[in-house]
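The block underneath contains the structure these notes are about, expressed in structure tokens.
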Amino acid sequence: MTPMLRNPVLALAIALALPAAAAPLNDWPTVRSAIARDAALEQRVRDIVSKMTLAQKVGQMTQPEIKSATPEDVKRYYLGSVLNGGGSWPNGNKHAKAAEWLALAQRYHEASMATDMAVKVPVVWGTDAVHGHNNVFGATLFPHNIGLGAARNPKLMEEIGAATAKATRASGIAWVFGPTLAVVRDDRWGRTYESYSEHPEIVKSYAGAYVRGMQGMLKDDANTIATAKHFIGDGGTEFGKDRGVNKSTKSQMINIHGAGYYPALEAGVQTVMSSFNSWNDVASGTNYGKMHGSRTMLTDVLKKKMGFDGFVVTDWNGHGEVPGCRNDSCAAAINAGNDMIMVPDDWKAFIANTIRQVESGEIPMARIDDAVSRIIRVKLRAGLFDKSPAQNAYAGKDDVMQPRELARRAVRESLVLLKNDQPVLPIARGKKILVVGKSADDMSNQSGGWSITWQGTANTNADFPNGDTVLAGIREAAGKDNVTFSVDGKGIDVSTFDVVVAVIGERPYAEGDGDIGPSGTLRHSSRYPEDLAVLQAVSGKGKPVVTVFVSGRPLYVNDLLNLSDVFVAAWLPGTEGKGVADLLVSSGKRYDFSGKLPFSWPKSACQTDLNVGDKHYAPLFAYGYGLKAATRSKVGKLDTTYPQGGCGVSNSFPVFSQADRASFPLTIRSGGQTLALGADLNASFSLPGVNVQTSQVNTQQDAKLVTWTGPASVEARGARPMVLPAAAAANAALRFDTIVSKAPSGRITMRMGSGSLDTTALFKRLAGKGKQTVAIPLACFQAKGTDLAKVDTPFSITSDAAFAAAFTNIEIAGGAASEADAVRCGELQ
């Protein structure tokens, strides 16, 4: 029985927390927008378009990135829009303030008004302001959407939408790529935190409120063009794979994944962004393919059936993923109904190719005219023809980008109290507090992805000058002399404190870099073993442990819960860490927990499809669960078992990867010394003859670069022998991705268990060839004495001289031994 079901009063409260769902829709609805057609404006649109050349029209439909398009380019190519990607700033200045952003926006605008067009059309700058104006140094960052979903407060959403609009206007930007309306059904997706909830009713209740707050009726300087994204079904892909395939039925797509779009369109949202995913309605036998190339969805459903009269914009090179297309050429995406094409870098060739495709008849001129008419309509409605960026009332004002009290309130409302077996909150001022954990004093971990940089990495606390860490908040509330901080808790006499607060959780990620693969588990400690270690260091010492868990999704944390007396889901709270401290420490004002789970919390490592209303629904903590500080829970001791080889949905057995760094952690060995490679991605590790640093093979920080200067080994060693599932054991190979940056100058030996192979020739062959995937049949190791039933070291590589290579995605892959590019045993000694 789940902990929450042991208390019938709580069970009733949770049942009442479920939103009242409307009757299911049988078809896509027709939506009446709050921003109605205006006859005079429509005539003006027709007049402008009638005076444009083909080159001017295609230019209006093209959106490059600011790193690759200058103001002069805007003038020369009649560009309709520019965008800044995550980690892109004016003049490359990460610390640019509002005035510098505004100055560049003004230059782009002035260039667009200096063309030879009969009627000058202003350029519009778009940005991903997804939890505040998150690309800008010094701007306040709100909790990510998953935390806001826990707040259950549409009015708060409207306030945040309005505050974000003012912040973007301060920087001269008039268009925001938000809100995200995904309804996430598999928490392995790396964008789960961008979703308000697994429940479509929560997304539905927030969508219109956010659009009204951000966009209003587009009559005020405080309004910014909003975007409903990503159309449609990105939250429902199989295995939670980013850019994957959604296999929903039509009814599920309409009633689950479409739920947020109807109120957003009704509120008058002016742009919709196409989604990277595909949709294959397997049940009906209808494959809609890539959404970027689906005329059925973009034109027949969105524009005709639902009545959307704004414009559709593609996602970052999303058109290039349509079959038969490239980043610089995609007639299919335009014909499908995309009006503005986001082409970050290849935009000049895209313009030339598109013009040729129109001239040849591959793209009808009517489709071009419709796309441009929609773009001009939105620009007119938004008042872009009437004022330059610098003429906005909020232009250049840094303080407008800092709605700190609103963000702090949002943090308080977003926290969910999951376990309260020994109620100690709020901690009285004057109590001695030991604070531990990597996320206590780390603004990067606290803010997550899409924070100044795309992934939210490569930041320090100094990059967030107008925010506070959770530690800073605790120190202020409790009195700094009452607070001691230790990252790992080692060597600390816990008995000298009254209470321990551990702030732990995920490190930042965005989009596909945050995906947990099909064979991965939801077990947090497999990816971040340091969090388990810090709790083990402070738990069971006779003092209550309060764990604050910072994450972008619910995860399997039974081991962490067992070591905690109190457990708080803090999600990704953003820059206002004092909002967390408000609920931890009593400092005058009394606040209580009010957040309710927006996502169901798993009780086992493989509960990857866990959504309220599902058949056999059995979470640890149900959707809508959340305690008050005075409510005692009885969570008790939880099962902590998990499958060593992953969740069994594929034929791979993970050894070491982003999805599992703990089952077979990496160590280096040299001259009798052994050193474990910790989970800190920014640290380097060295012994005589070898150095290891974090690097990239496929995605950011996914690999370990090993540089040998003398005899040494790197190996993945587990606490117990691996037990291969049947699918992974059949005709299997040891497979890994590598980049060999320096060819071996000595002998390279690879070992699995007791069997070893000479792989010198193999690595010499791979040197200088970029990323390579290597598959060595297990049979090769078995021939040298490996007993697969006794392998606790499935990966070991030794060099006796200089050699450098990066390794990631180390796994045992069933069937890989027979693949055409698998290594042949004859190549090895």
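Keep in mind that this is a model prediction, so the values were computed, not measured.
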Non-hydrogen atoms of [X] and [Y] that approach each other most closely:
{"X": "K120", "Y": "A114", "result": "CE-C, 4.5 Å"}
{"X": "A228", "Y": "L181", "result": "CB-CD1, 3.8 Å"}
{"X": "K303", "Y": "D370", "result": "NZ-OD2, 4.1 Å"}
{"X": "A332", "Y": "V322", "result": "CB-CG1, 4.2 Å"}
{"X": "L141", "Y": "N134", "result": "CD2-CA, 3.3 Å"}
{"X": "P71", "Y": "L104", "result": "CG-CD1, 4.5 Å"}

task: In sequence, state the C-alpha distance, the side-chain angles, and the governing distance for W175 and T224, and then conclude on side-chain hydrogen bond (donor to acceptor under 3.5 Å, both in side chains).
output: CA-CA 6 Å; W175 182 16; T224 299; over 6 Å; no

query: Taking it one step at a time, do S195 and N145 satisfy side-chain hydrogen bond (donor to acceptor under 3.5 Å, both in side chains)?
result: CA-CA 6 Å; S195 172; N145 287 355; over 6 Å; no

task: Give the intermediate values and the outcome of side-chain hydrogen bond (donor to acceptor under 3.5 Å, both in side chains) for residues E100 and S171.
output: CA-CA 8 Å; E100 191 170 346; S171 64; over 6 Å; no

statement: Applying side chain to side chain contact (heavy atoms under 4.5 Å, CB included) to I739 and not counting sequence neighbours gives V697, K771

Flag the pair [X] / [Y] as yes when at least one side-chain heavy-atom distance between them is below 4.5 Å, and no otherwise.
{"X": "Y196", "Y": "V183", "result": "no"}
{"X": "I376", "Y": "Q60", "result": "yes"}
{"X": "M340", "Y": "T314", "result": "no"}
{"X": "W347", "Y": "D73", "result": "yes"}
{"X": "F311", "Y": "R377", "result": "no"}

Would you confirm whether [X], through its side chain, and [Y], through its main-chain N or O, come within 3.5 Å as a donor-acceptor pair?
{"X": "T237", "Y": "K241", "answer": "yes"}
{"X": "Q446", "Y": "G574", "answer": "yes"}
{"X": "H230", "Y": "V272", "answer": "no"}
{"X": "T115", "Y": "M117", "answer": "yes"}
{"X": "S81", "Y": "W125", "answer": "no"}
{"X": "K97", "Y": "G396", "answer": "no"}
{"X": "R381", "Y": "L218", "answer": "no"}
{"X": "D515", "Y": "D242", "answer": "yes"}
{"X": "S414", "Y": "V411", "answer": "yes"}
{"X": "H319", "Y": "N327", "answer": "yes"}

message: With no hydrogens and no angle check, just 3.5 Å: does a side-chain donor-acceptor pair link Q357 and S329?
response: yes

message: Could you check whether S388 and E110, counting side-chain N and O atoms only, form a donor-acceptor pair closer than 3.5 Å?
response: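 Note: E110 and S388 side chains miss the donor-acceptor criterion.
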
message: Classify the ring geometry of H133 against W101: parallel below 30°, tilted from 30° to 60°, perpendicular beyond 60°.
response: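 Tilted.
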
Any Lys/Arg nitrogen of [X] or [Y] sitting under 4.0 Å from an Asp/Glu carboxylate oxygen of the other?
{"X": "E576", "Y": "R409", "answer": "no"}
{"X": "K57", "Y": "D369", "answer": "yes"}
{"X": "E506", "Y": "R553", "answer": "yes"}
{"X": "D315", "Y": "K229", "answer": "no"}
{"X": "D468", "Y": "K578", "answer": "yes"}
{"X": "R191", "Y": "E194", "answer": "yes"}
{"X": "K397", "Y": "D399", "answer": "no"}

query: Which residue, N459, T453, N135, forms the side-chain hydrogen bond (donor to acceptor under 3.5 Å, both in side chains) with K94?
result: N459

Over 12 non-hydrogen atoms of neighbours within 6.0 angstrom of NZ in K75: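 Not buried by this count: 12 neighbours or fewer within 6.0 Å.
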
For the atom pair [atom1] ([X]) and [atom2] ([Y]), what is the distance rounded to the nearest 0.5 Å?
{"X": "D463", "Y": "S444", "atom1": "CG", "atom2": "OG", "result": "8.5 Å"}
{"X": "T299", "Y": "R367", "atom1": "OG1", "atom2": "CZ", "result": "6.0 Å"}
{"X": "I452", "Y": "M443", "atom1": "CD1", "atom2": "CE", "result": "8.5 Å"}
{"X": "Q56", "Y": "I48", "atom1": "CD", "atom2": "CD1", "result": "12.0 Å"}
{"X": "Q455", "Y": "E511", "atom1": "CD", "atom2": "CD", "result": "7.5 Å"}
{"X": "H131", "Y": "I146", "atom1": "NE2", "atom2": "CD1", "result": "13.5 Å"}

- prompt: With R76, which residues qualify under side-chain hydrogen bond (donor to acceptor under 3.5 Å, both in side chains), at least two apart?
  reply: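 For R76, no residue satisfies side-chain hydrogen bond (donor to acceptor under 3.5 Å, both in side chains) once neighbours in sequence are set aside.
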
statement: Applying side-chain hydrogen bond (donor to acceptor under 3.5 Å, both in side chains) to S551 and not counting sequence neighbours gives none

query: Taking the six-membered ring of F276, is the NZ or CZ of R243 close enough (under 6.0 Å from the centre) and on axis enough (within 45°)?
result: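 Yes - R243 lies over the ring of F276, closer than 6.0 Å to its centre and within 45° of its axis.
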
Aromatic F385 / basic R44 pairing, under 6.0 angstrom, 45° off normal: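 The answer is yes, since R44 meets both limits relative to F385.
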
- request: Tell me, with the steps shown, if D442 and S439 meet side-chain hydrogen bond (donor to acceptor under 3.5 Å, both in side chains).
  value: CA-CA 5 Å; D442 192 310; S439 298; over 6 Å; no

- prompt: Step by step, would you call Y509 with Y193 a ring pair (Phe, Tyr, Trp, His ring centres under 6.0 Å)?
  reply: CA-CA 10 Å; Y509 54 80; Y193 64 80; 5.7 Å; yes

